[in-house]
Amino acid sequence: MSVALLWVVPPCDVSNGASFMESVREGNRFFDSSRHRNLVSNERINRGGGKQTNNGRKFSVRSAILATPSGERTMTSEQMVYDVVLRQAALVKRQLRSTNELEVKPDIPIPGNLGLLSEAYDRCGEVCAEYAKTFNLGTMLMTPERRRAIWAIYVWCRRTDELVDGPNASYITPAALDRWENRLEDVFNGRPFDMLDGALSDTVSNFPVDIQPFRDMIEGMRMDLRKSRYKNFDELYLYCYYVAGTVGLMSVPIMGIAPESKATTESVYNAALALGIANQLTNILRDVGEDARRGRVYLPQDELAQAGLSDEDIFAGRVTDKWRIFMKKQIHRARKFFDEAEKGVTELSSASRFPVWASLVLYRKILDEIEANDYNNFTKRAYVSKSKKLIALPIAYAKSLVPPTKTVSLQR
Ligand SMILES: CC(C)=CCC/C(C)=C/CC/C(C)=C/CC/C(C)=C/[C@@H]1[C@@H](COP(=O)(O)OP(=O)(O)O)[C@]1(C)CC/C=C(\C)CC/C=C(\C)CCC=C(C)C
Ligand SMILES: [Mn+2]
């Protein structure tokens, strides 16, 4: 296990604040909260980090699950999630208006704090370089402000995922996730707990990032703790939104939409959501065998039954014609989400397009590799070789040079 892994989410992390504080001494040094308040109150945009409750109303996908008296939901997961998309897009639009209207004051440098802040961002960059080499390379083309903000978000997502997927996952309880969520609220309120949270606190005070996708990612981790089967695609869609679609919604406010783009803000956020869903569906199709060995089946149960398959077939790990037909349909669906996402990448600001194209092209290729393995995702892990990556990256770069369309092409 790498040193960085232990350091990102120390064993005592969310379950024991005091010993965690001891274990990250730099964090203590940085987060004398009174000093940090100075730092985050130096906001370029008057948003009041953490207070974005969508017009005073805290919104969550969970709270939007409307039910009939018989307990049936009246909205599909897609409809519920689209509501979060609209809210994040509205926040960005409001922000754009307010920065045009308000006089934007230059940052007042605070000696000492700024040094620590840049150290915090450097740490985030190191984690990114350790865990996501190709992606990290792609961020080098972004402006320094955007790059470090994306690093801070990446690190928060990675730490959140590590809670349920890392070496200490068996100690993680719903209560620990509640504490992690309280810590998130503190980040948005300018009271970060440690150095890495501090970088995120600074990021969310400088960019119009809504807290809801962050809360929803934690909700996805709760879902993972209590659930190991998905009745249908609607249930799976919600899970994919929670753990991956949220990443798209967190990232676009940082990456920015090209000023010359004619696309609606909502449509770009919708494409970002689609990329998260596509990635997660691909991740699930790649890891069927690995997940089954942990007793988990992320595939829609009704679609398995329609194909004449059951959990037993998955646990047995036999590649049959029934399985191949089933897999072809699942791959087709994941590709549809990638297609949807592609329409939006071109609309991003020019320097942000390359890392997104690179990640899209490389992740999409995993689906080709599952096919090349004759759909054996039980015992063969589909991966994109170094040489294939080397061929794909210049293609991604060429795609990133294509400017936004001149006409309104993206509408929902
Ligand atoms: C350019 C780019 C990719 C930016 C995103 C950077 C960022 C903040 C990434 C965070 C990723 C993360 C650590 C998420 C935690 C949950 C998780 C692990 C999700 C899975 C990722 C794959 O990781 P991996 O293969 O390492 O999985 P294992 O842990 O090994 O199982 C996911 C499958 C999903 C991640 C989702 C995205 C990267 C969505 C990206 C979408 C955008 C950047 C929006 C682009 C904009 C438009 C308009 C298309
Ligand atoms: Mn994972």
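All ligand and atom numbering here is 1-based and tracks the order in the structure. By convention here, the first residue in the shown sequence is residue 1.
Residue-environment remark: CZ (Phe135) exceeds the threshold of 12 foreign heavy atoms within 6.0 Å.
Results of the salt bridge (Lys or Arg N to Asp or Glu O under 4.0 Å) test with Arg335 over Glu371, Glu342, Glu340 single out Glu371 as the only residue that passes.
Near Ser359, with a cut-off below 4.0 Å to any heavy atom, the atoms of ligand 1 are 3 (C). Counting the atoms of ligand 1 from 1 in the order shown, those under 4.0 Å from a heavy atom of Pro355 are 1 (C). Close approach to Ala244 involves these atoms of ligand 1, each under 4.0 Å from a residue heavy atom: 34 (C), 36 (C). For ligand 1, the atoms sitting less than 4.0 Å from at least one non-hydrogen atom of Asp161 are 15 (C), 18 (C), 29 (O), numbered in the order shown with element in parentheses. Remark: ligand 1 atoms within the under-4.0 Å shell around heavy atoms of Leu348 are 46 (C). Annotation for ligand 1: atoms under 4.0 Å from non-hydrogen atoms of Ala341 are 49 (C). If you number the atoms of ligand 1 from 1 as listed, the ones under 4.0 Å from a heavy atom of Val243 come out as 16 (C), 19 (C). Near Gly344, meaning under 4.0 Å from any of its heavy atoms, are these atoms of ligand 1: 48 (C).
With a 4.0 Å cut-off on non-hydrogen atoms, Phe135 touches ligand 1 through its side chain and not its backbone. Contacts between Thr160 and ligand 1 below 4.0 angstrom, taking non-hydrogen atoms only, are absent altogether. When non-hydrogen atoms are compared, ligand 1 lies under 4.0 Å from the side chain of Met255 (C-beta onward) but not from its backbone. With a heavy-atom cut-off of 4.0 Å, Tyr363 touches ligand 1 through its side chain alone. Counting heavy atoms closer than 4.0 Å to ligand 1, residue Ala272 contributes atoms from both its backbone and its side chain.
Taking all heavy atoms of Ile284, Thr346, Asn279, Leu362 into account, the minimum distance to atom 37 (C) of ligand 1 is reached by Asn279. Comparing Gln280, Met221, Met217, Met142 against atom 32 (C) of ligand 1, the shortest heavy-atom distance belongs to Gln280. Across Cys157, Ala149, Gly248, Gly138, heavy-atom proximity to atom 41 (C) of ligand 1 is greatest for Gly248.
Between Trp180 and Trp156, the angle of the ring planes stays under 30°, which puts this pair in the parallel group of the 30/60° scheme. Ring-plane geometry between Tyr239 and Tyr298 is classed as parallel, the angle between the planes falling under 30 degrees on a 0 to 90 degree scale with a further cut at 60.
Using a distance-only test at 3.5 Å, with no hydrogens or angles considered, no donor-acceptor pair links the side chain of Asn189 to the main chain of Arg191. Counting only distance, with no hydrogens or angles, the side chain of Asp122 and the backbone of Gly125 share no donor-acceptor pair below 3.5 Å. Under the 3.5 Å distance criterion, the side-chain polar atoms of Arg296 are matched with a main-chain donor or acceptor of Lys227. The backbone N or O of Asp234 lies less than 3.5 Å from a partner atom in the side chain of Ser77, making a donor-acceptor pair.
Residues satisfying the side-chain contact (heavy atoms from CB on, under 4.5 Å) test with Ser251, not counting sequence neighbours, are Ile150, Val247, Met255.
The distance criterion of under 3.5 Å between nitrogen or oxygen atoms is not met by Ser251 with respect to ligand 1.
Nearest heavy atoms, Ala149 versus Phe207: CB-CE1, 3.7 Å.
Under the salt bridge (Lys or Arg N to Asp or Glu O under 4.0 Å) criterion, the residue pairs touching residues 278-292 are Asp287-Arg381, Glu290-Arg381, Asp291-Arg294, with sequence neighbours excluded.
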